Asks: 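Mind having a look at this structure? Questions to follow.
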Amino acid sequence: QVQLVESGGGLVQAGGSLTLSCSASGSIFYINRMAWYRQAPGRQRELVARIASGGIANYADSVKGRFTISRDNAKNTVYLQMNSLKPEDTAVYYCNSDIRPNSNSWYLDYWGQGTQVTISS
């Protein structure tokens with residue numbers, strides 16, 4: 001079974017930085033895109049950043065210029081470097097990936113358990 005595990009969340013002051021990591025493990029034939037979503041209390045889950053297998057990245061307007069998504073394909077890991085954090089960045093951050101578990105299966109959508117990021121004023 002494919003698993004995605006996030007790490008790196010925590011509590012930081014506004015203006016600070018955090019780097020989140022998400023590693024995929026289990027039966028993996030190929031990983032297509034990887035992404036970070038977040039969900040704040042009372043809000044819908046939203047796409048924060050997405051990176052294609054070739055490295056092309058897209059960002060939500062709210063994080064452009066502050067967050068950087070990257071991936072290490074050899075480690076099956078995606079990162080989210082978050083700088084200049086704001087209280088409104090407070091949310092549970094979820095790792096998401098489109099993965100082929102084996103050569104006989106098409107892509108399936110996987111989610112991590114989430115990691116809490118809290119930004120204090």
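Just so it is clear, the model here is predicted, and its values are computed rather than measured. The residues of the chain are indexed from 1 along the displayed sequence.
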Asks: Hey, are the side chains of W36 and M82 touching, using non-hydrogen atoms and a 4.5 Å cut-off?
Replies: no

Asks: Which heavy atom in L47 sits nearest to a heavy atom in A35, and how many Å separate them?
Replies: CD1-CB, 3.9 Å

Asks: Hey, what do you get for CG (L80) to CE (M34), rounding to the nearest 0.5 Å?
Replies: 12.0 Å

Asks: Please report the shortest heavy-atom distance between K64 and Y59, naming the atom on each side.
Replies: CE-O, 3.3 Å

Asks: Rounded to the nearest 0.5 Å, how far does CG of L85 lie from CG of L18?
Replies: 6.0 Å

Asks: Ring-plane angle category for Y93 and F67, please: parallel below 30°, perpendicular beyond 60°, tilted otherwise.
Replies: tilted

Asks: Counting heavy atoms not belonging to Q116, are there more than 12 under 6.0 Å from its CD?
Replies: yes

Asks: Just by distance, do the side chain of S27 and the backbone of P101 share a donor-acceptor pair under 3.5 Å?
Replies: yes

Asks: If every non-hydrogen atom of Q39 is compared with every non-hydrogen atom of R43, which pair is closest and at what distance?
Replies: NE2-O, 3.2 Å

Asks: Is there side-chain contact between R38 and V63, with heavy atoms separated by less than 4.5 Å?
Replies: yes

Asks: Give the C-alpha distance, both sets of side-chain angles, the deciding distance and a yes or no for salt bridge (charged side-chain N to carboxylate O under 4.0 Å, His left out) between D89 and K86.
Replies: CA-CA 5 Å; D89 294 318; K86 305 174 181 179; over 6 Å; no

Asks: Should Y79 and D72 be marked as a side chain to side chain contact (heavy atoms under 4.5 Å, CB included) after you check the CA-CA gap, both sets of side-chain angles, and the distance that decides it?
Replies: CA-CA 8 Å; Y79 306 93; D72 186 334; 4.1 Å; yes

Asks: Quick check: does any side chain N or O of E6 sit under 3.5 Å from a backbone N or O of C22, one acting as donor and the other as acceptor?
Replies: no

Asks: Tell me the side-chain hydrogen bond (donor to acceptor under 3.5 Å, both in side chains) pairs involving residues 16-26, sequence neighbours left out?
Replies: S17-N83, S23-T77

Asks: Of all the heavy-atom pairs spanning L4 and A24, show the shortest one and how long it is.
Replies: CD2-CB, 3.3 Å

Asks: Given side chains that start at C-beta, do those of S97 and V78 come closer than 4.5 Å, heavy atoms only?
Replies: no

Asks: Verify, without hydrogens or angle tests, whether S105 (side chain) and R100 (backbone) share a donor-acceptor contact under 3.5 angstrom.
Replies: no

Asks: Any chain of hydrophobic side-chain contacts (each under 4.5 Å) joining Y37 to I51?
Replies: no

Asks: Quick one: does R71's side chain get under 4.5 Å of I31's, heavy atoms only?
Replies: yes

Asks: I'd like to check I119 versus V12 (side-chain heavy atoms, cut-off strictly below 4.5 Å). Are they in contact?
Replies: yes

Asks: Once you round to the nearest 0.5 Å, how far does OH of Y110 lie from CG of D98?
Replies: 9.5 Å

Asks: Taking C-beta and beyond as the side chain, do L108 and V2 meet within less than 4.5 Å on heavy atoms?
Replies: no

Asks: Other than Y107, which residues form its hydrophobic cluster under the rule that side-chain heavy atoms must be closer than 4.5 Å?
Replies: F29, Y30, W106

Asks: Test side-chain hydrogen bond (donor to acceptor under 3.5 Å, both in side chains) on R50 and N96 and set out the steps.
Replies: CA-CA 9 Å; R50 180 169 56 203; N96 171 251; over 6 Å; no

